[in-house]
2 protein chains.
Amino acid sequence: MADLARELGVSMTTISRALSDHHSIGPAMKQKVLKLAKKYNYQPNRLASALRKGKSQLLGIVVPYIEGRFFPSVVHGIESAASKAGYNVIICQSNEDVAQERRNLDILLSAQVAGVLVSLSRTTRDFRHFEKVRSRGLPLVFFDRVVEGENVNAVVLDDQEGGYVSTRHLLQQGCHRIAHLAGPQHLNIYKNRRQGYLDALREAGLPEDESLIIYTEMAQDQGAEALRQLMALPNPPDGVFAAGDYSALGAMQEAHRLGLQVPQDVAITGFSNETFTTITEPPITTIDQRCEEMGQAAVRLLLELIEADGRPFAPRHIALRPELLVRGSSARTEGALPSPVRDPAAKFAGNVTG
Amino acid sequence: MADLARELGVSMTTISRALSDHHSIGPAMKQKVLKLAKKYNYQPNRLASALRKGKSQLLGIVVPYIEGRFFPSVVHGIESAASKAGYNVIICQSNEDVAQERRNLDILLSAQVAGVLVSLSRTTRDFRHFEKVRSRGLPLVFFDRVVEGENVNAVVLDDQEGGYVSTRHLLQQGCHRIAHLAGPQHLNIYKNRRQGYLDALREAGLPEDESLIIYTEMAQDQGAEALRQLMALPNPPDGVFAAGDYSALGAMQEAHRLGLQVPQDVAITGFSNETFTTITEPPITTIDQRCEEMGQAAVRLLLELIEADGRPFAPRHIALRPELLVRGSSARTEGALPSPVRDPAAKFAGNVTG
DNA sequence: TTGTATGCGTTATCAC
DNA sequence: GTGATAACGCATACAA
């Protein structure tokens with residue numbers, strides 16, 4: 001910058017202002033400066049700028065890990081939205097460990113990020129480290145795995161709605177006895193999916209039957225075992241809403257083993273839109289969790305907080321509407337397959353990376 | 001820091017040195033400073049430090065996107081390795097667009113990263129923007145999609161070896177006529193996989209038969225179509241090495257449709273260890289690409305470059321050994337299933353995130 | 001519209 | 001072993 005100033009015979013102030021498009025600089029001067037900057041291949045030093053302004057163009061992300069289907073997609077959404085707004089992201093993994101989560105936050109603080117996006121580690125029970133973030137006045141948004149309470153900014157999927165639309169769909173397909181493969185109820189997502197299921201039953205005037213709800217850890221083999229158990233009932237179900245795709249898969253495989261037709265004898269739906277749900281026979285009806293939208297929504301909220309710049313801001317809780325993807329495992333009626341097959345794998349089927 | 005200095009009645013220099021564990025500070029003083037720092041909840045400002053030192057603790061990553069199975073896993077490996085070495089990563093997506101790739105590099109440069117890890121966009125034909133990086137003396141390592149030539153640091157999977165071990169495995173399983181579902185040959189990975197296939201055939205004294213090599217874009221339906229074509233030959237194959245898991249899947253499904261037994265009538269192997277390969281019936285033999293190891297190796301190499309600090313460094317080209325995962329789609333002999341089933345999905349089957 | 005002077009928080013240099 | 005001082009590159013309050 002000093003070089004440019006010398007060469008143009010002006011002060012560094014002018015250069016600085018021209019480069020940051022300050023209003024008090026004439027267009028002629030701006031052109032000259034920009035031209036010379038290009039010629040000299042000038043690269044602004046964002047560190048220095050951030051140090052001086054006390055605000056960087058960096059957002060911090062803390063996720064449990066970057067694997068599987070969910071988090072990478074959310075991160076994808078976050079990076080895209082952030083980048084569009086002129087921010088970059090620095091990403092940390094907690095590996096499901098509170099201690100690491102704490103360390104990650106410290107690092108992000110000392111990196112002077114402009115805001116933080118967090119999805120909680122599974123082992124986080126104590127939330128004091130987030131108080132530290134807030135006491136610095138640093139904008140903070142949770143996504144997916146959020147701190148409970150009204151006093152936080154958060155973006156989540158409306159799991160209850162997901163359970164509701166899945167179950168209602170099964171009812172519409174002519175199912176009269178609908179079972180539920182439930183997940184660990186101490187986790188909100190599974191509790192809410194179950195609640196949505198119950199809501200739909202109640203709305204349809206069907207009784208709540210605990211023998212139709214099987215609690216598992218959502219693994220494939222547990223789904224199979226659960227289906228076996230259900231089909232051994234005196235009055236077996238004709239529809240199954242599984243709170244996860246893996247247990248839905250296990251259930252479907254077991255149904256086939258028992259000689260049952262899916263969806264005719266038993267209709268099955270899952271949850272999460274895992275890649276494999278489109279390649280089974282039949283493909284599995286599921287709920288898309290709008291991973292990317294979640295990332296984008298989280299960034300939008302965070303940017304609002306950043307712009308608010310410390311001024312009072314009523315915390316917001318955003319619940320995204322889940323999308324039901326009707327596929328063969330549950331489509332018993334004509335015209336049950338109107339929704340586009342949003343194939344999570346389509347994009348990568350011919351992936352040059354292998 | 002100034003506060004600490006005042007409170008302890010020493011200079012900021014001393015504080016700085018104590019905090020960075022400088023040798024010229026007595027242990028007593030160090031203790032005092034550290035204690036007070038903890039009490040005041042002192043957070044170092046890495047921006048200021050980096051500005052002064054001219055080196056940040058940040059590594060830049062440029063990937064085409066953060067989706068699918070491959071890149072997230074590599075990024076996972078990168079972040080883990082970097083974090084262990086005291087570095088954090090700032091991540092950028094090129095969206096398969098050279099222009100964006102260029103912009104990403106500019107941003108990383110101006111963020112004063114200590115080094116850059118790049119996997120090329122598919123549209124990158126001109127590599128001048130990387131010259132800019134090197135002219136700044138900034139360490140640069142490519143992974144997976146790399147710039148050709150001996151003068152770059154790069155980490156890749158040994159695809160040729162992958163093709164070779166897959167084909168040899170099929171031979172060992174008693175296959176005598178082995179077909180290959182090849183990918184676009186202008187892409188190195190597919191060219192190399194095909195070459196490995198040919199190497200294994202030659203080694204076994206089998207003729208190279210172009211009618212047994214089907215070129216596709218590696219999509220599922222193309223795999224099915226290819227298998228139909230192959231089985232219609234006067235002398236159909238008894239083994240198929242597909243250069244990708246999706247085409248392997250399509251081929252296997254088509255084989256079943258034709259009433260063929262897999263692997264008895266035709267053995268099939270894929271490439272990439274996609275999540276779904278373990279849940280098909282039978283599960284699909286495939287090649288694990290060691291995504292995480294790739295990330296870790298790339299970081300190790302980058303750190304070496306950083307430590308070299310501009311001193312001459314002979315560029316290194318690291319090729320990771322692929323791992324053959326033998327599963328039911330190709331296991332025709334007793335004892336063909338010794339390798340552990342490294343299930344890419346196992347970790348997430350009961351994922352609380354849904 | 002432009003320039004001067006100062007400071008962001010940290011560390012390297014040199015002197016003591 | 002410790003301290004004073006300058007400097008990293010940029011942005012702003014204030015003056016002109």
Side-chain angles (χ1 to χ4, degrees), chain A residues 1-34 36-37 40-58 86 88 106-114 136-138 309, chain B residues 1-34 36-37 40-58 86 88 106-114 136-138 309:
Chain A
M1 249 173 62
D3 299 348
L4 302 189
R6 213 176 308 114
E7 177 134 354
L8 287 179
V10 296
S11 76
M12 270 179 55
T13 308
T14 303
I15 303 294
S16 170
R17 284 174 175 155
L19 290 172
S20 49
D21 205 36
H22 195 274
H23 64 272
S24 75
I25 299 292
M29 183 51 99
K30 269 181 197 166
Q31 285 309 317
K32 276 205 290 187
V33 172
L34 259 54
L36 204 65
Y40 275 36
N41 229 307
Y42 166 77
Q43 291 275 151
N45 185 329
R46 302 181 96 186
L47 253 50
S49 169
L51 177 60
R52 175 63 235 257
K53 295 205 283 197
K55 274 289 161 227
S56 75
Q57 291 295 105
L58 291 172
N88 288 97
D106 274 343
I107 287 172
L108 292 177
L109 286 179
S110 69
Q112 314 295 119
V113 295
R136 304 240 164 170
L138 199 60
D309 196 29
Chain B
M1 249 173 61
D3 298 348
L4 302 189
R6 211 176 311 114
E7 177 134 354
L8 286 181
V10 296
S11 76
M12 271 178 52
T13 307
T14 303
I15 304 294
S16 171
R17 282 173 176 155
L19 290 172
S20 49
D21 205 35
H22 194 275
H23 64 272
S24 74
I25 298 292
M29 183 50 102
K30 267 181 198 166
Q31 286 308 319
K32 276 205 291 189
V33 173
L34 258 54
L36 203 66
Y40 277 169
N41 230 307
Y42 164 78
Q43 291 275 150
N45 185 330
R46 303 180 95 187
L47 252 50
S49 170
L51 177 59
R52 181 60 239 253
K53 296 206 280 199
K55 273 289 162 228
S56 76
Q57 290 296 104
L58 291 172
N88 287 98
D106 275 342
I107 287 172
L108 292 177
L109 286 180
S110 69
Q112 313 296 118
V113 296
R136 304 241 163 170
L138 200 60
D309 197 28

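Each chain gets a letter, A, B and so on, in the order its sequence line appears, and its residues count up from 1.
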- Query: Which whole-number value in Å describes the distance from M12(B) CE to dA12(C) P?
  - Reply: 13 Å
- Note on the structure: Looking only at dG3(D), dG9(D), dT10(C), the nucleotide nearest the N45(A) side chain is dG9(D)
- Query: How close or far is atom P of dT12(D) from atom CD1 of I15(A), stated in whole angstroms?
  - Reply: 16 Å
- Item | Short side-chain N/O contact to dG3(C) OP1/OP2 from T14(A), under 4.0 Å | yes
- Indicate whether OP1 or OP2 belonging to dA11(D) is found under 4.0 Å from a side-chain N or O atom of S16(A). yes
- Item | Whole-Å distance separating the NE2 atom of H23(B) from the P atom of dG1(D) | 8 Å
- Message: With a 4.5 Å cut-off on side-chain heavy atoms, are R6(A) and D3(A) touching?
- Response: yes
- Message: Counting C-beta onward and ignoring hydrogens, is there a side-chain heavy-atom pair between M1(A) and L19(A) closer than 4.5 Å?
- Response: yes
- Interatomic distance where CG belongs to D3(A) and P belongs to dG9(D) [whole Å]: 10 Å
- Which one, dG9(C), dT2(C), dA11(D), comes nearest to the side chain of M29(A)? dT2(C)
- Query: With no angle test and no hydrogens, is the base of dT11(C) tied to the side chain of R52(B) by a donor-acceptor pair under 3.5 Å?
  - Reply: yes
- Message: So for atom NZ, which belongs to K32(A), do other residues, nucleotides or ligands contribute more than 12 heavy atoms lying within a distance under 6.0 Å?
- Response: no
- Item | pair R46(A)-L58(A): side-chain heavy atoms closer than 4.5 Å | no
- Identify whether any heavy atom of M1(B) sits under 4.0 Å from a base atom; if not, whether one sits that close to sugar-phosphate; answer base, sugar-phosphate or nothing. base
- Message: Any side-chain N or O of T13(B) below 4.0 angstrom from OP1/OP2 of dG3(D)?
- Response: no
- What's the closest nucleotide to the L51(B) side chain, out of dC8(D), dT11(C), dC14(D)? dC8(D)
- Message: By the 4.0 Å heavy-atom rule, please label L47(B) as base, sugar-phosphate, or nothing.
- Response: nothing
- With a 3.5 Å cut-off and just heavy-atom distances, do the side chain of R46(A) and the base of dG9(D) make a donor-acceptor pair? no
- Note on the structure: Atom CD of Q112(B) and atom P of dT10(C) are separated, to the nearest Å, by 18 Å
- Is there a donor and acceptor pair closer than 3.5 Å between the side chain of S24(A) and the base of dT2(C)? no
- Give a yes or no on whether the backbone of R17(A) and the side-chain of K30(A) come within a donor-acceptor separation of less than 3.5 Å. no
- Note on the structure: From CZ of R17(A) across to C1' of dT2(C) the rounded distance in Å is 7 Å
- Starting from C1' on dT10(C), measure out to NZ on K55(B) and report it in whole angstrom. 17 Å
- Message: Output the rounded distance in Å from CG (D21(B)) to P (dT11(C)).
- Response: 13 Å
- Query: When all nucleic acid strands are considered with a 4.0 Å heavy-atom cut-off, which category describes G26(A): base, sugar-phosphate, or nothing?
  - Reply: sugar-phosphate
